[in-house]
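To find a chain, count down the sequence lines: A is the first, B the second, and so on, and within it residues start at 1. The analysis underlying the following values was restricted to heavy atoms, covering all of them including side chains, and did not include hydrogens, waters or symmetry mates.
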2 protein chains.
Amino acid sequence: MSVTIKDVAKRAGVSPSTVSRVLSNHPRISHATSEKVREIMEEMGYHPNMMAKSLVSKTTKSLGVILPKPAEELFLNTFFMELIRGIVTQANRSGYDVVLTSGASEKEEVDAVSRLVFGGRIDGAILLYSRQNDPVVDFLSDKEFPTVLIGRSEQHANVLSVDTNNIEAAADATRHLIQLGHRRIGFVSGPSELVVSLDRISGYRQALQEAGLPLRDDWIVEGEFLQESGYRAMSFFMNLPERPTALVVVDDIVSFGILRGLHELGYKVPDDISIVSFNNIALAELSTPPLSSIDIGIYHLGYTASQALIQAIRGDDHALLSQRHIVPHRLIVRESSMFSPPHTES
Amino acid sequence: MSVTIKDVAKRAGVSPSTVSRVLSNHPRISHATSEKVREIMEEMGYHPNMMAKSLVSKTTKSLGVILPKPAEELFLNTFFMELIRGIVTQANRSGYDVVLTSGASEKEEVDAVSRLVFGGRIDGAILLYSRQNDPVVDFLSDKEFPTVLIGRSEQHANVLSVDTNNIEAAADATRHLIQLGHRRIGFVSGPSELVVSLDRISGYRQALQEAGLPLRDDWIVEGEFLQESGYRAMSFFMNLPERPTALVVVDDIVSFGILRGLHELGYKVPDDISIVSFNNIALAELSTPPLSSIDIGIYHLGYTASQALIQAIRGDDHALLSQRHIVPHRLIVRESSMFSPPHTES
DNA sequence: ATTGTTTGTGCAAACGTTTTTACAATTTCC
DNA sequence: GGAAATTGTAAAAACGTTTGCACAAACAAT
């Protein structure tokens, strides 16, 4: 049986409403009473009951984070941990808690979310890694429930989102290789349903064009965010009669697969082929050789998402609803792209 | 304004209590009414308000997960993501939500937890990676709040915990190397404040003793769960006049540092030195060479923790309070330990 | 002095549930 | 055929807050 506002009130010789007002720093409360009540609260070890509070205020001070349905591959990535850490840190800092949820199937996901939303358990939601046509996004945007998407969704322009400028990021990666002297640059992409894949391909193309280099669609290989995909892409490229001297790779994990394959076949990185990839997960600097990678500020993405969501909840609208936040990226150059390409005529 | 139990009651021509009873499958409700009420609930889109429910039932159907204070190194590890995934999956499956929290400092951590606990926001807590003398554990065990520790704490024998049998796991790793023919085996440990480090050292020693091999304390190197520690340990061992032919390493990340160092110095693994480590994070099979590692079932640890906690909350006591759950481990042999040691006389 | 305003506090309703108690209607039993 | 047990439902209190309204006291303005 914990201490309630009534207990405090009784002991302080005031009414419950007064205690409540002390708690919320109501202006019309005398300094004297305030002091006394606070003292007694301290003494009795009073802690407000969040449930009661939520019930009347219709607000829970918590955010829901929807984990993507267990696509196992995603969890190989430290990506999510970083993201979540960013979200939780900022949320806690603003006095919000974070409720995690996930579903085994799309249906379960929607169920879980609707339980949270309709049950009044959360004030807003952050969606990680939304797919195209994500039913959860549909659901939330339909209800006009405060929502932030991490990543960009083509069809939900009316939903807040936090994202990397992937086009620019890919262009940066590609330009870096061009500057090193590379003229034959391949691209290892992710699933073509994901906007991130498409954006990065665009950026890659853009940089090639700027430099007046030919666009060769046969040098764009599609795969998944898995090490195996990298391995396969590597085989493909290395068996070509005319090989690229450098690769831009859509994700660090995929690069790991490539590195491993190249090592097995006895190729040297960057001597035989240079590699630049994306995300700069912690392990990128631990690989052999350490990987050049675009740091997209994963923690920062999470942090920003949390911040944007809380603003939206507070109604600091300022027409920033339906806004897209871009988190800056930067290229981290490591050994995998430190040298110029072998001398050949293109 | 959402649909309440009263709205449903009015429309169905029954009392709110009846609706509530339908919801909770009260035995004394007629099939007819039940059907009718359910129909109307569906029709009106009724969803129970969790806050109101919690207020009266004094139970929230959510678990708190306390992330360790941002020890950056921990987040390099996919460890936590796996753990959390296990926790969330099992919790959701049992109808529980998971609230995440973390603190920038120990004080903030305790504050955050006490807010959750006293505020009645969570029914139980899971602590990841508790330190010795963890103030959060003290706080929770003091309040007799349902708590599960992942990992073992020496001083809180009265707290539920889920853990690996690290002594046995380390012994297994060491025995594996002995079976391959190794006679000179070193150990790279973690911080000596952590029980996990100490346990693994014990297991290592035990296996050496069983095999009648000499215990050499100068072949036990202490470090942190960082790649740099591995690098340093590697330097130490490789500069020894008499070198071990194999190493048991306390964490995969540390092994990555070792592998990288060996590669730089031109040593081959496993030809020159064999390595077995712990945790078998997803990247262990992606390293060069792939790493032999003890799989401690991280996901399973999280899953079990969640399960144990929910049981404790439900009061399925059966004297299983203050119990220690052991999650089985198994050795995954990969290339880093596939060959016999170079021929030498010990 | 009288009126008007400000300041500090209490009362009571409300938030959306669960649950205890009560009671009528029906069934069961001897 | 009447008492006892069972079944189905309702009324109302409770959970711990917040907040609009009321009102007394103190102060300010005329």
> Where along nucleotides 7-13 of chain D does protein come under 4.0 Å, by heavy atom, of base (B) or sugar-phosphate alone (S), with - for untouched nucleotides?
Replying inline: BBBBBB-

> Between B:I66 and B:L128, does a side chain to side chain contact (heavy atoms under 4.5 Å, CB included) hold up when you go through it step by step?
Replying inline: CA-CA 6 Å; B:I66 323 296; B:L128 307 191; over 6 Å; no

> Over how many whole Å does the gap from A:L55 atom CG to D:dT18 atom P extend?
Replying inline: 11 Å

> Which one of B:V148, B:L127, B:V159 satisfies the side-chain contact (heavy atoms from CB on, under 4.5 Å) criterion with B:L140?
Replying inline: B:L127

> Within this structure, what is the CD-to-C1' distance between A:E35 and C:dT9, rounded to whole angstrom?
Replying inline: 18 Å

> How are the rings of B:F118 and B:F139 set relative to one another: parallel (under 30°), tilted (30 to 60°) or perpendicular (over 60°)?
Replying inline: perpendicular

> What pairs with B:R21 under side-chain hydrogen bond (donor to acceptor under 3.5 Å, both in side chains), at least two apart in sequence or on another chain?
Replying inline: none

>> When the axes are fitted on five pairs at both termini, how much does the helix from C:dA1-D:dT30 to C:dC30-D:dG1 curve, in 10° steps?
In response: 40°

>> Just to be sure I understand the geometry, which residues of residues 44-53 of chain A put a non-hydrogen atom under 4.0 Å away from DNA chain D?
In response: A:Y46, A:H47, A:P48, A:N49, A:A52, A:K53

> Who are the salt bridge (charged side-chain N to carboxylate O under 4.0 Å, His left out) partners of A:D7, not counting sequence neighbours?
Replying inline: none

> NZ of B:K61 versus C1' of C:dT18: gap in Å, rounded?
Replying inline: 15 Å

> Residues two or more places apart in sequence or in another chain: which of them pass side-chain contact (heavy atoms from CB on, under 4.5 Å) with A:S15?
Replying inline: A:S17, A:T18

> For B:S57 and A:S24, take the nucleotide of DNA chain D holding the closest heavy atom to each; which residue's nucleotide lies nearer the 5' end?
Replying inline: B:S57

> Between A:E82 and A:R85, is there a side-chain N and carboxylate O pair less than 4.0 Å apart?
Replying inline: yes

> Are A:R121 and B:D97 close enough for a salt bridge, meaning some N to O gap below 4.0 Å?
Replying inline: yes

> Between A:K61 and A:D123, is there a side-chain N and carboxylate O pair less than 4.0 Å apart?
Replying inline: no

> For B:F118 and D:dG16, what is the distance between atoms CZ and C1' respectively, to the nearest whole Å?
Replying inline: 17 Å

> CZ of A:R121 versus P of C:dG16: gap in Å, rounded?
Replying inline: 17 Å

>> Please confirm whether the shortest side-chain N or O distance from B:K58 to OP1 or OP2 of D:dG16 is below 4.0 Å.
In response: yes

> Does A:D111 come within less than 4.0 Å of A:K107, counting only side-chain N to carboxylate O?
Replying inline: yes

> CD1 of A:I5 versus P of C:dC11: gap in Å, rounded?
Replying inline: 15 Å

>> Run A:V98 and A:S62 through side chain to side chain contact (heavy atoms under 4.5 Å, CB included) and show every step you take.
In response: CA-CA 5 Å; A:V98 172; A:S62 36; over 6 Å; no

> Please give, in whole Å, the distance from D:dT18 P to A:N25 CG?
Replying inline: 12 Å

